[in-house]
Structures are given as C-alpha cells and as structure tokens.
Amino acid sequence: MADSTSVGRGRGFDRPFWVMMRSVVVPGWGQFKNGAWLKAALFAGAEGAFIYGIVDEGNLADDAEARAAAEPGLEGFWLAEAEDHRARRKDYIWWGAFTVLLSMGDAYVDAHLKGFKTEFRPDDASFLLFYEVRR
C-alpha cells in the first residue's frame, strides 16, 4: 500500500523530474508522456514557431547586412533594417524561453497529478477526488 509520501511519484524515468526534462529535449514530449496530447501539440507548435522565428529573423538580419555592404548609398537603411530584425529575433528568443519554462512546469505538475481522478457531480456542484495506486 502506498503512503502519502509516494503519491505522485513515479519510478526511474517516470519520475516528474524526468518527465519535465523531456519537455526540454523535445517540445511537447513531457505532455505526451503524461497523456495530454492536445497540450503536447500546442507546446510543440508554439516552440516550433518560436524556433522558426529565431532562425528566420537571424537570416533576414544577415541578408540586410549583406545588402548594406553591397549597396553603398543605402547602407544606413539596410543597417537599420538589420537592427530591427535582430530586435525581433531577441523577442522570439525571450518568448521561446518563456514557452519552454511553461512547458516544463506543466509537465512537472501533470506528472505529479497523473494518478488523481476527479468526478464532478452536477447535483450539488461539488466534486470527489480519487487517487489510484498502480503497481
């Protein structure tokens, strides 16, 4: 019989810490491991979009700097354009880091709460909480 100190703890790589670390390695893997496929798809899509934005803005900034070197009369315009792309790239980096941290936290909490089941009763708007121990 499990005691209260073992509630929400897996064994080996099923422990919440390792489920959380899966979200760092592959976007959405921690949520997928917890059985939250919709959240896994949302986190993978969001993190993928931010990674794409980081790479794309970096390439656009490099292209603008190359044009500044190639077009002597317009170097000020192209350098300003490159600076704008670098600023947007920084924004993508920050939002991507926030999304990764949010994904890690979500996977960690869901791994701890994986064994809990709730049953909502519409009669009196209360709910029952169950915990299922599997061996």
Side-chain angles (χ1 to χ4, degrees):
M1 183 87 186
D3 63 359
S4 64
T5 60
S6 65
V7 170
R9 297 179 192 214
R11 292 189 176 147
F13 287 111
D14 288 337
R15 294 179 64 196
F17 173 78
W18 291 112
V19 173
M20 174 185 71
M21 294 311 292
R22 285 182 170 114
S23 289
V24 176
V25 175
V26 175
W29 189 11
Q31 286 74 21
F32 185 79
K33 173 70 176 149
N34 288 329
W37 300 285
L38 179 60
K39 282 198 285 187
L42 290 174
F43 276 118
E47 290 179 39
F50 288 129
I51 290 169
Y52 175 80
I54 291 166
V55 172
D56 189 48
E57 291 296 333
N59 290 339
L60 289 172
D62 293 341
D63 291 345
E65 287 175 351
R67 288 184 121 180
E71 298 178 19
L74 296 173
E75 60 264 325
F77 171 77
W78 289 115
L79 290 176
E81 186 76 15
E83 188 62 33
D84 287 344
H85 287 296
R86 298 260 184 241
R88 276 190 231 123
R89 183 173 185 259
K90 242 184 244 184
D91 290 340
Y92 279 119
I93 290 170
W94 278 109
W95 281 108
F98 172 73
T99 305
V100 168
L101 290 174
L102 185 64
S103 172
M104 288 171 61
D106 177 70
Y108 187 78
V109 169
D110 278 356
H112 270 292
L113 299 177
K114 193 171 184 179
F116 287 93
K117 292 183 180 180
T118 56
E119 179 183 310
F120 290 94
R121 295 187 293 180
D123 302 338
D124 56 0
S126 65
F127 67 93
L128 298 174
L129 184 66
F130 297 101
Y131 183 74
E132 185 177 301
V133 178
R134 294 183 185 166
R135 293 192 187 239

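We're numbering straight along the sequence, starting at 1. Note that the structure is a prediction, hence the values are computed from the model and not measured. The analysis underlying the following values was restricted to heavy atoms, covering all of them including side chains, and did not include hydrogens, waters or symmetry mates.
- Residue Ala44 comes nearest to Pro27 through the heavy atom pair CB-O, 3.5 Å, listed as atom of the first residue, atom of the second, then distance.
- Within the 4.5 Å cutoff, side-chain heavy atoms of Phe43 are placed close to those of Leu102.
- Between Lys33 and Asp110, no side-chain nitrogen of the basic residue sits less than 4.0 Å from a carboxylate oxygen of the acidic one, so the salt-bridge criterion is not met.
- Between atom CZ of residue Arg67 and atom CG of residue Leu74 there is a gap of 9.5 Å, rounded to the nearest 0.5 Å.
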Contacts table for residues 47-63: side-chain donor-acceptor under 3.5 angstrom, sequence neighbours left out:
unit_1: Glu57; atom_1: OE1; unit_2: His85; atom_2: ND1; d: 2.6
unit_1: Asn59; atom_1: ND2; unit_2: Val55; atom_2: O; d: 3.4
unit_1: Asp62; atom_1: OD1; unit_2: Arg86; atom_2: NH2; d: 2.8

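- Between Ala107 and Asn34 the shortest heavy-atom distance is O-ND2, 3.0 Å.
- Both Val24 and Tyr108 are part of a single hydrophobic cluster, where members link through side-chain heavy atoms under 4.5 Å apart.
- Not counting sequence neighbours, Glu83 has no partner by the side-chain contact (heavy atoms from CB on, under 4.5 Å) test.
- With sequence neighbours left out, the side-chain hydrogen bond (donor to acceptor under 3.5 Å, both in side chains) criterion links Glu75 to no other residue.
- For Glu71 and Trp78, the side-chain atoms include at least one donor-acceptor pair closer than 3.5 Å.
- Pairing each heavy atom of Ser23 with each of Gln31, the nearest pair is OG-OE1, 3.4 Å.
- The shortest heavy-atom contact between Thr99 and Trp95 is OG1-O, 2.8 Å.
- Note that CD1 of Ile93 is 14.0 Å distant from CZ of Arg88, once rounded to the nearest 0.5 Å.
- Rounding to the nearest 0.5 Å gives a distance of 11.0 Å between CZ of Phe32 and CZ of Arg22.
- Put simply, Met20 and Val100 are part of the same group of oily side chains (I, L, V, M, F, W, Y) that touch within less than 4.5 Å, one to the next.
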